[in-house]
Amino acid sequence: MISAGTLALPSMHAAIPAALTLRQSSRIDQPLAIALLEANIITDAMLQPRPNMPLVDVFRGPDERALCIEGLSTWWNSLQYKSISSIFHWNLHVQELNDGAGTYPELAGHLWFCMTRDQKTEIPRFELHQRITQLENTLPGFGQTVMALLRDAIFHLPTAFDLWFAEDIAQNWLWQDATCDEELLENARVEGGFETVQEVIDSGHVTTMAEFFRDTPAWVTTPARALSRKKFRRAAKSDFELAVVAACNAISAVTSAPGFTVKSHQVGSHQADCDSIDSCAVLLWRKDSEAVHVIDNHLDDIGNSGEYTEFIDAAPVEPSHAGILAYKTRTENIMRLAQATERLLNLVGEPF
């Protein structure tokens with residue numbers, strides 16, 4: 001009977017043992033190495049001894065940590081090459097599930113597969129109002145439909161600091177149960193011990209809904225696909241409009257493919273139950289909008305609290321053949337979507 005720490009391997013060469021005993025230098029090395037071998041991310045070629053390797057090293061067997069690093073690095077680099085991007089540059093990290101964000105007993109034995117933004121690159125920043133408004137002026141609903149598709153795409157990518165993210169912060173932390181500015185200001189007056197609402201306004205400590213949504217059409221924060229596919233295609237006349245439609249079609253082709261099973265709630269840093277101080281992109285309606293201050297204040301607050309992460313995506317992965325393959329498929333889909341989304345952003349966004 002083969003022991004639990006031994007993995008049976010096909011016989012490749014007389015100099016290579018028929019079984020490899022994985023040394024457990026850390027708790028994650030052994031289960032991860034086995035899973036990566038089963039998923040063919042650690043390949044047979046990686047198990048071949050190097051030329052002129054001392055015989056003692058050949059029979060000692062490969063180091064499972066080194067194998068994991070080589071296998072994941074090879075896969076990740078290949079993925080980056082296939083999904084070349086000029087704005088999205090991400091790194092992969094693997095760690096145990098028990099971290100600063102807490103322990104997840106329901107996911108015992110899982111690992112975190114996490115993405116960070118490459119710190120040698122700038123966060124891509126785009127202002128959307130000028131070109132989206134141009135599309136909307138061509139035909140009512142044209143710009144809104146593009147905005148709806150862009151929002152859906154962004155929601156399936158790693159954490160982004162966008163206008164919808166800013167609105168969520170405002171709703172949950174600034175406005176809370178208030179349904180209008182009158183109610184918001186009155187609540188602030190009572191809680192802050194002010195005598196009049198005007199004193200609250202003069203204090204500058206309250207971001208009203210009117211300030212937040214100033215110069216922002218109502219449909220921007222809740223865009224709908226207002227045009228049918230037929231009307232959407234026919235709306236495009238100029239080279240710019242035709243290019244936008246083609247970019248939207250490219251996104252739809254990725255997300256409608258049979259193998260695309262990515263769910264928006266399963267992508268992003270929120271899965272680690274900890275706010276991120278980094279993002280894959282910044283998308284604003286206007287770069288001088290109140291949303292900028294809302295996001296900046298939020299980042300200051302979590303930075304001062306010390307309870308944050310730098311991950312832009314954190315996914316719990318079971319170290320098994322099925323778990324690794326599911327993550328591999330998920331991430332490859334995300335990369336393809338990022339590439340298609342970049343194409344649209346370069347058309348409808350103004351870098352700043």
Side-chain angles (χ1 to χ4, degrees), residues 83 85-88 124-158 160-168 171 209-210 212-268 280-287 289 291 332-352:
S83 305
S85 173
S86 62
I87 64 173
F88 295 126
R125 297 175 173 86
F126 293 96
E127 184 181 50
L128 301 172
H129 82 94
Q130 182 174 332
R131 296 179 184 176
I132 293 291
T133 300
Q134 179 182 338
L135 295 171
E136 188 68 11
N137 290 338
T138 299
L139 177 69
F142 192 7
Q144 181 178 181
T145 300
V146 173
M147 197 73 166
L149 187 140
L150 176 60
R151 182 189 64 171
D152 289 347
I154 291 296
F155 284 3
H156 288 79
L157 295 181
F161 295 152
D162 51 47
L163 59 153
W164 305 288
F165 175 82
E167 185 185 14
D168 282 345
Q171 291 280 5
M209 299 175 196
F212 185 88
F213 294 112
R214 182 181 295 126
D215 299 324
T216 304
W219 54 262
V220 167
T221 54
T222 54
R225 301 195 184 200
L227 298 182
S228 66
R229 287 182 177 272
K230 186 175 182 180
K231 288 183 178 179
F232 185 66
R233 290 194 301 267
R234 289 183 174 179
K237 305 297 185 204
S238 68
D239 290 344
F240 165 65
E241 293 159 1
L242 290 169
V244 168
V245 169
C248 289
N249 288 339
I251 291 176
S252 296
V254 173
T255 57
S256 62
F260 190 90
T261 58
V262 180
K263 307 298 182 184
S264 60
H265 67 277
Q266 296 173 336
V267 185
C280 75
V282 176
L283 306 177
L284 301 170
W285 183 245
R286 292 180 180 274
K287 63 182 179 182
S289 67
E332 288 170 354
N333 279 323
I334 289 173
M335 292 296 190
R336 281 191 287 269
L337 179 59
Q339 190 176 40
T341 303
E342 174 184 344
R343 178 179 169 185
L344 180 59
L345 280 173
N346 285 332
L347 289 167
V348 301
E350 289 278 355
F352 68 92

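Taking each heavy atom of S252 and S256 in turn, the nearest pair found is O-OG, 2.5 Å. C280 approaches A160 most closely through the heavy-atom pair SG-CB, 4.1 Å. Scanning both residues, A250 and R343, for their nearest heavy atoms gives CB-NH1, 3.5 Å. T133 and H129 make their closest contact through OG1-O, 2.5 Å (heavy atoms, listed as atom of the first residue, atom of the second, distance). The minimum heavy-atom distance between A340 and V254, with the atom names listed, is CB-CG2, 4.3 Å. Here the closest non-hydrogen pair linking A166 and A291 is CB-CB, 3.7 Å.
Distance CH2/W219 to CD1/I132: 6.5 Å, rounded to 0.5 Å. Atoms CG and OG1, from L149 and T341 in turn, are 8.0 Å apart once rounded to the nearest 0.5 Å. Expressed to the nearest 0.5 Å, how far CD of E167 lies from CE of M209 amounts to 10.0 Å. To the nearest 0.5 Å, atoms CZ (R286) and OG1 (T216) are separated by 7.0 Å. Here the straight-line distance linking atom CG of L135 with atom CG of L347 works out to 9.5 Å at 0.5 Å rounding. Considering CH2 of W285 and CH2 of W164, their distance stands at 9.5 Å, rounded to 0.5 Å.
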From CA spacing to verdict: side chain to side chain contact (heavy atoms under 4.5 Å, CB included), L345, L283: CA-CA 9 Å; L345 280 173; L283 306 177; 3.6 Å; yes

Stepwise side chain to side chain contact (heavy atoms under 4.5 Å, CB included) check, L163 with M147: CA-CA 12 Å; L163 59 153; M147 197 73 166; 4.2 Å; yes

V220 vs L128, side chain to side chain contact (heavy atoms under 4.5 Å, CB included): CA-CA, chis, key distance, verdict: CA-CA 10 Å; V220 167; L128 301 172; over 6 Å; no

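Contact check for P223 versus Q144: side-chain heavy atoms found under the 4.5 Å cut-off. The closest side-chain heavy-atom distance from N137 to Q134 is not below 4.5 Å. N346 is listed as a side-chain neighbour of F126, based on a closest heavy-atom distance under 4.5 Å.
When each of L157, L337, I334 is tested with V267 by the rule side chain to side chain contact (heavy atoms under 4.5 Å, CB included), just one qualifies, namely I334.
Between the side chain of E342 and the backbone N or O of F88 there is no donor-acceptor pair closer than 3.5 Å. A donor-acceptor contact shorter than 3.5 Å is absent between the side chain of E127 and the backbone of G349. At distances below 3.5 Å, not a single donor-acceptor pair connects side-chain atoms of S85 with backbone N or O atoms of Q339.
Residues meeting the ring pair (Phe, Tyr, Trp, His ring centres under 6.0 Å) test with F260, sequence neighbours left out: none. With sequence neighbours excluded, the residues satisfying salt bridge (Lys or Arg N to Asp or Glu O under 4.0 Å) with R225 are D152.
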Quick one: side chains of residues 228-249, donor-acceptor pairs under 3.5 Å with protein atoms, not counting sequence neighbours, listed by atom name and distance.
unit_1: S228; atom_1: OG; unit_2: K231; atom_2: N; d: 3.2
unit_1: K237; atom_1: NZ; unit_2: R234; atom_2: O; d: 2.9
unit_1: S238; atom_1: OG; unit_2: E241; atom_2: N; d: 3.2
unit_1: E241; atom_1: OE1; unit_2: K237; atom_2: N; d: 2.7
unit_1: E241; atom_1: OE1; unit_2: S238; atom_2: N; d: 3.1
unit_1: E241; atom_1: OE2; unit_2: T138; atom_2: OG1; d: 3.0
unit_1: N249; atom_1: ND2; unit_2: V245; atom_2: O; d: 3.4

